[in-house]
Amino acid sequence: MKLFKSLLVAPAALGLMSPLAANASEVNLNDISNYSDVDSIEFTNSFGKSDSNKTQLLAGGEGLVDSHDGGFSQTTTASFSADFYLGGVDGGTTATNDPFMATYGFQIDLNTSFTGEDSLDISLDAGNTSTTTTSVAEFDGNATGDKLMVDGVMYTFPIGTATAFVGDNTDGSALFTTACTYGGPTNTLDDCGNVNAGITNGGVAAGASYDFGNGFTAAVGYAGATEDTGIMTEETLDAYGLNAAYTGDNYGLSATYGVIESTAGDPAVLDDNEDSYLALNAYYTPEGNLPSVSIGYEIGDDGSKTSLEEITSFFLGLQWDEVGPGSAGLAMGHSGTVEGTEEEYMYEAYYSYPVNDGMTITPVVYIKESATSGQDDATGVLVKTSFSF
């Protein structure tokens, strides 16, 4: 019970953190857990009544109210997930060659609505690796060294008939639509070829989207790499993106254009150094037992004045939504190949098996080519077990 109370009062730690913090903030769980030992603490609902539900911190979305008396909002919900990673990577460079290992990740997602049309979303992450190892990185796992940290804060709200958001440590492309149905587990291929145009450089972010109806949508986004140097200043590495998409009954198309300021090139001309990317994505889902097909292609230019190099990314994925009790997928592609260098393709196969409503086991096998002569390709065998509650 004490553990359960400790998890429930974790959101109280958010009051110790400054909005839009410059870096992901660390939460001291030992101090917070001490509060769970105080028997006299009462949590009242939004109407100020101390009744049989006074310890119910999380409730459904009913009963929106205009003000709060210090209790937890009735529209605050939380979801919890725990992931366990087992496997290793053989071959490739020394940095990507991982021994057989077992790690974990944990996440708390908090969501609150104040008007019924807005949403304040906060993510708390933990993991037991201090550095991002290859096996954990390919599963997009948390590497926080057993510390609970704020991974992102975002507020989404309507502006007329459009939708806007502001946030920190989130993606400027949060409201973008990428035409892809492939849901593979690895981090290299889950972008579906939209690697750079869908700006993901973190920091302070903002954007807006508009639904024209009949399947047509458009969105814009901004992200600043760090908050320490300001927003939209000469010292800040800013990124801007545009997205347009069409979604039909069984197919979809999208185009994404991104501009990312870079430090590459002559320091005297960094103000003019911008990399630009254009990503095109499409998917088709046929009827019957045939797999859905997703394809993506991105082309980019290094904007430095010292070199003009073309950068390309390619993706092709097949996914069967019903293979026995689970789903399966096959994919291939490469991420960010520079003109004049050999393409390093990655191939993967996975099967996702839902043991029950709250537990899923996903094994994956992949091969990542090496462009270095005499160096073996990297082969990864990984199993991810996910719990959601």
Side-chain angles (χ1 to χ4, degrees), residues 3-4 6-11 13-14 17 21 23-30 32-33 58 77-89 95-111 121-154 167-171 174 182-191 200-202 326-327 329 346 348 350-366 368 378 380-389:
L3 175 61
F4 180 69
S6 296
L7 290 175
L8 291 181
V9 300
L14 298 176
M17 306 169 196
N23 297 296
S25 302
E26 181 180 328
V27 180
N28 190 327
L29 288 182
N30 291 330
I32 296 174
S33 64
L58 306 175
T77 61
S79 61
F80 304 84
S81 63
D83 299 316
F84 296 91
Y85 313 103
L86 182 67
V89 182
T96 61
N97 193 340
D98 284 344
F100 193 79
M101 60 191 304
T103 58
Y104 87 93
F106 177 69
Q107 182 167 321
I108 303 174
D109 291 316
L110 304 172
N111 310 99
D121 307 309
I122 301 173
S123 179
L124 304 176
D125 289 351
N128 69 334
T129 55
S130 57
T131 58
T132 306
T133 58
T134 302
S135 54
V136 175
E138 277 300 348
F139 270 140
D140 199 18
N142 302 325
T144 67
D146 281 326
K147 300 172 184 177
L148 189 65
M149 305 179 71
V150 178
D151 181 57
V153 179
M154 186 171 81
D168 183 38
N169 200 26
T170 188
D171 297 336
Y182 183 77
T186 66
N187 195 40
T188 298
L189 297 180
D190 69 354
D191 291 324
T200 58
N201 58 326
S327 60
M346 177 171 170
E348 74 175 25
Y350 81 92
Y351 184 75
S352 184
Y353 172 64
V355 179
N356 50 52
D357 291 341
M359 178 181 178
T360 302
I361 298 176
T362 305
V364 59
V365 178
Y366 72 82
K368 202 169 187 178
V381 179
L382 309 171
V383 178
K384 177 181 180 181
T385 303
S386 300
F387 298 87
S388 59
F389 51 99

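Everything numeric in this text was worked out from a predicted model, so none of it was measured.
Side chains of E138 and K368 form a contact here, defined as non-hydrogen atoms less than 4.5 Å apart. Considering only heavy atoms from C-beta on, D151 comes within 4.5 Å of N169 through its side chain. When side chains are defined from C-beta on, I122 does not count as touching D109, because their heavy atoms never get closer than 4.5 Å.
Taking each heavy atom of L86 and A102 in turn, the nearest pair found is CD1-CB, 3.9 Å. Closest heavy-atom contact between T144 and D125: CG2-O, 4.2 Å. Closest approach of E348 to G184, counting heavy atoms only: OE2-CA, 3.9 Å. What you find for M346 and L189 is that their closest heavy atoms are O-CD1, 4.1 Å. Contact detail for Y85 and G105: the closest heavy-atom pair is CE1-N, 3.9 Å.
By the ring-ring contact (aromatic ring centres under 6.0 Å, His included) test, Y104 is found to be paired with no residue, residues two or more places apart in sequence or in another chain being considered. In this structure K384 satisfies the salt bridge (charged side-chain N to carboxylate O under 4.0 Å, His left out) test with no other residue, sequence neighbours excluded. Under the side chain to side chain donor-acceptor pair (under 3.5 Å) criterion, D121 pairs with N111, S119, sequence neighbours left out. When the side-chain contact (heavy atoms from CB on, under 4.5 Å) test is applied to D190, the partners found at least two apart in sequence or on another chain are N187. Listed by chain and residue number, nothing satisfies the side chain to side chain donor-acceptor pair (under 3.5 Å) test with T200 (two or more places apart in sequence, or in another chain). Shown here are the ring-ring contact (aromatic ring centres under 6.0 Å, His included) partners of F387, two or more places apart in sequence or in another chain: F84.
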For residues 354-364, which side-chain N or O atoms pair as donor and acceptor with protein atoms under 3.5 Å away, sequence neighbours left out?
from: N356; atom 1: OD1; to: G358; atom 2: N; distance (Å): 2.9
from: N356; atom 1: OD1; to: M359; atom 2: N; distance (Å): 2.9
from: T362; atom 1: OG1; to: S352; atom 2: OG; distance (Å): 3.3

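Rounding to the nearest 0.5 Å places OG1 of T186 at 9.0 Å from CG of L382. With values rounded to the nearest 0.5 angstrom, S79 atom OG is found 9.5 Å from F389 atom CZ.
The aromatic rings of Y182 and Y350 sit perpendicular, their planes meeting at an angle over 60°, well past the 30° parallel limit.
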